[in-house]
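Everything below concerns the one structure shown next.
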Number of protein chains: 2
Amino acid sequence: MSNTRVLPLLDPDVSEVAKAPEAVAPCCPPLTERPFTSEEAETAARMFKALGDPVRLRLFSAVASHEGGEACVCDISDVGVSQPTVSHHLKKLKEAGLLTSERRGTWVYYRVEPSVLSAMGKLLTISPAAA
Amino acid sequence: MSNTRVLPLLDPDVSEVAKAPEAVAPCCPPLTERPFTSEEAETAARMFKALGDPVRLRLFSAVASHEGGEACVCDISDVGVSQPTVSHHLKKLKEAGLLTSERRGTWVYYRVEPSVLSAMGKLLTISPAAA
DNA sequence: CACCTGCTTCGACAGTCGTCAACATAGACA
DNA sequence: TGTCTATGTTGACGACTGTCGAAGCAGGTG
């Protein structure tokens, strides 16, 4: 289950994808545009929550900034916690749709899901109306 | 203690503020620029964590999108949890430096700390080097 | 085959978190 | 003064989370 179906943040439901098949639509409008609905909040919070732990943030940043946009676990696991804990956090990031993983021979490589970063960025955009 | 010193994300330490007094510097570089240090991760994670709860996200979005950029508690407390819980979450958002509050007569108004939004947005920017 | 290395899963434990009801406090107003 | 409304605080409780050591699994090498 290296590359299980993830991205629950961008396409939380299959029906959503069917509506806009050509481009993965961002889950939610900018935070400043209008009050989030319960569903939007649920979806977006999952994303923020995944980045709400220092260790996960370091792991994510390490992968995101690594050359080629991907990194082997061995490249990034020096964050001060045990190796099982690293694995645990990487799994969480994967479940949140922020990372994907692929095994190549001995090593496992993690890669940032690129559309997620921009989707989160848009969330924090100052909406034109508010500006 | 309505407007206690907050903003631990933007100026986590007084000494930091002393170094750059004219503008509140963003806490961290873009996530994609280089691996976060432990301190940077600690600071930024506090921010993400605060938004990592659906109820808090709805409250924050409600304040952020409200006219005038501020909202009375009574305007936004319809999020499906009890009033003490709303108060609890607003306190958390305040402690995270995302909101400020002010009492005006009978009501308490919450307002988004504007620099925080842009700081978080920059965090999620694709750094030029990675692009 | 046996053995080693890289990574994940399992099981357990302490600590944190979200929630509520009950109580407390601050202003407005009579 | 007393009372009413709007918020905040306290205390308790169940659920979730981060962490580790031990065990398991996958691939490479001999």
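Naming convention: chains lettered A, B, ... in sequence-line order (proteins, then strands); numbering from 1 in each chain.
A close approach under 4.0 Å does occur between a side-chain nitrogen or oxygen of K92(B) and OP1 or OP2 of dG18(C). Proximity of S87(A) to the phosphate of dC7(C): no side-chain N or O atom is located under 4.0 Å from OP1 or OP2. Within the structure, every side-chain polar atom (N or O) of Y110(A) is placed at least 4.0 Å from both OP1 and OP2 of dG6(C). Phosphate contact (OP1/OP2 of dG6(C), side-chain N/O of R103(A), threshold under 4.0 Å): absent. Between K49(B) and dC17(C) there is a side-chain N or O to OP1 or OP2 distance below 4.0 Å. At dT19(D), one or more side-chain N or O atoms of H89(A) fall inside 4.0 Å of OP1 or OP2 (strictly under the cut-off). Put simply, T106(B) has no side-chain N or O that comes within less than 4.0 Å of OP1 or OP2 on dG27(C).
Atoms CD (E102(A)) and P (dC7(C)) sit 14 Å apart, rounded to a whole Å. Rounded to an integer number of Å, the gap from CD of Q83(A) to P of dA22(D) is 15 Å. One interatomic measurement links the two molecules: CG of L99(A) to P of dT8(C), which rounds to 11 Å at whole-angstrom precision. Nucleotide dC10(C) holds its C1' atom 10 Å from the NZ atom of K91(A), rounded to whole Å. L90(A) has its CG atom 12 Å from the P atom of dT19(D), to the nearest Å. Rounded to a whole Å, the NZ atom of K94(A) is 13 Å from the P atom of dC7(C). Taking atom CG on L59(B) and atom C1' on dT19(C), their separation rounds to 14 Å, with Å as the unit. Separating the CD atom of E95(B) from the P atom of dG8(D) is a distance of 12 Å, rounded to the nearest angstrom.
Comparing dT19(D), dG18(D), dG18(C) by their nearest atom to the side chain of R56(A) picks out dG18(D). For V81(A), whose side chain is taken as the heavy atoms from C-beta onward, the closest listed nucleotide among dC7(C), dC20(D), dC20(C) is dC20(D). Closest contact between the side chain of V73(A) and the listed nucleotides dT9(D), dT7(D), dT8(C) involves dT8(C).
Taking the nucleotide of DNA chain C with the nearest heavy atom to each of P84(B) and H88(B), the more 5' of the two is matched to H88(B). Summary of the strand contacts: S82(A) and G105(A) both lie near DNA chain D, and taking for each the nucleotide with the nearest heavy atom, the more 5' one is attributed to S82(A).
Distance alone, capped at 3.5 Å, places no donor-acceptor pair between the S101(B) side chain and the Y110(B) backbone. Under a 3.5 Å cut-off, the side chain of T85(B) and the backbone N or O of V81(B) do not form any donor-acceptor pair.
With respect to the salt-bridge test (charged N to carboxylate O, under 4.0 angstrom), the residues R34(B) and E40(B) qualify. Between E113(A) and K94(A) there is no salt bridge, since no side-chain nitrogen of the basic residue lies less than 4.0 Å from a carboxylate oxygen of the acidic one. Between R104(B) and E70(B) there is a salt bridge, since at least one side-chain N of the basic residue sits less than 4.0 Å from a carboxylate O of the acidic one.
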